[in-house]
Visitor: 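Following this message is one structure expressed as structure tokens.
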Amino acid sequence: MSFQRPHIEAMQGYVPGEQPQSAAVIKLNTNENPYPPSSLVQDALNSISVASLRRYPPPTAKEFREIAASLHQVAPENIVPTNGGDELLRLVMTTYVGSDDTIAVTKPSYSLYPVLAEVQNSTLLEIDLNNDWSMPADFAEQLNAANAKLAIVVNPHAPTGALLTAEYLSTLAAAFKGVLLIDEAYVDFVDPDQHYDSVPLIKLHDNVILLRTLSKGYSLAGLRFGYGIGPESLISPMMFKTRDSYNTDLIAQTLATAALKSVDYAAAGWAKVRTSRHRLQQDLNRLGILTYPSQTNFLLCDIPAAPGALALYNALKQQNILVRYFDQDRLRQRLRISIGTEEENTVLVDAIARVLAPPQ
Ligand SMILES: *Cc1c(COP(=O)(O)O)cnc(C)c1O
């Protein structure tokens, strides 16, 4: 017999993108940063002696909280450091959503949300985006009608790349009666000319939490470090009640602090990604592949019926190029392609061109 709780027994679990260990693979499937982390992160790692691991790490990750607070011009009390952004998602659910409550997300969006809602045994309300991936006009009304305790909006959006304005989010936060979690995993790649700044929302609204991660913008997906930004009333229950004691380890805290200290280095990489994003978009469009406007480090691409998205995915994989195919409504004719280095993007475009127009 099974010892699992019935709702755990019934669930599927998260299926991560493929993570091949071979360096020969051009890996454009899980939105990792194509550039290495700052050399200050390497220096910070070199400075850690294993003897220092005998003791527990700083329990509130004090130094990281302070550097993150100064970066965002908020107080340390507005920051909760977490083991990847994913832990923040789980913490918000644990703290603010009961098993009889409803969590609302847009469809499509990050495929981990439904899995975490299932673990929590909560009800999931998936609200379809419009045909052009914009938000339905009655989104807030739908949330309130369902009495949702939590709504998760990913901005800029995954997997489409679309950006909502901070003004829209402010109106949404004011209208919605539950907690609004804005997942900003890709915010570092937003073009500065968009003037997007959501941090002031945490002072205007008592129900807004922002998710940030070092996985994408700071090239540290392997480190597992993220954080939440929010009003102290939302942050402190997670900080002092629901979080695992010592949820972030000494090595991660030290490296994450060094990464934020070298934000200027990271920002130079974000600018390069934006330039490459523009170029890759043009190259793909020239091949007859439509792309959606993206403020992230990936492009969602419409693949022509011949060969079709799955066949193109497979053909690229045979050439050691990995992109992301989602076997999901509205995504089966599309591929999500992470922005690589200029060299990687060129290899990708050449490979796609050969698949679309094989030599006679
Ligand atoms: C990458 C990502 C996260 C957080 O990832 P971590 O590696 O756990 O920090 C959260 N939301 C979305 C949409 C993401 O793509």
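As the structure lists them, so they are numbered: ligands from 1, and atoms in each ligand from 1. The structure displayed is predicted, hence computed values, not measured ones.
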Visitor: Can you tell if the side chain of Val80 reaches within under 4.5 Å of the side chain of Ile209, non-hydrogen atoms only?
Guide: no

Visitor: Under the side chain to side chain donor-acceptor pair (under 3.5 Å) definition, can you give me all pairs with a residue in residues 109-120, not counting sequence neighbours?
Guide: Asp86-Tyr110, Tyr113-Asp183

Visitor: Report yes or no: is the cationic atom of Lys216 (NZ for Lys, CZ for Arg) closer than 6.0 Å to the six-membered ring centre of Phe189, at no more than 45° off its axis?
Guide: no

Visitor: Name the residues with a heavy atom less than 4.0 Å from ligand 1?
Guide: Gly84, Gly85, Asp86, Tyr110, Val154, Asp183, Ala185, Tyr186, Thr213, Ser215, Lys216, Arg224

Visitor: So which pairs with a foot in residues 234-256 pass ring-ring contact (aromatic ring centres under 6.0 Å, His included), sequence neighbours left out?
Guide: Tyr56-Tyr246

Visitor: With sequence neighbours excluded, what pairs up with Tyr313 under the ring pair (Phe, Tyr, Trp, His ring centres under 6.0 Å) test?
Guide: none

Visitor: State, yes or no, whether a side-chain contact exists between Val187 and Trp270 at a heavy-atom distance under 4.5 Å.
Guide: no

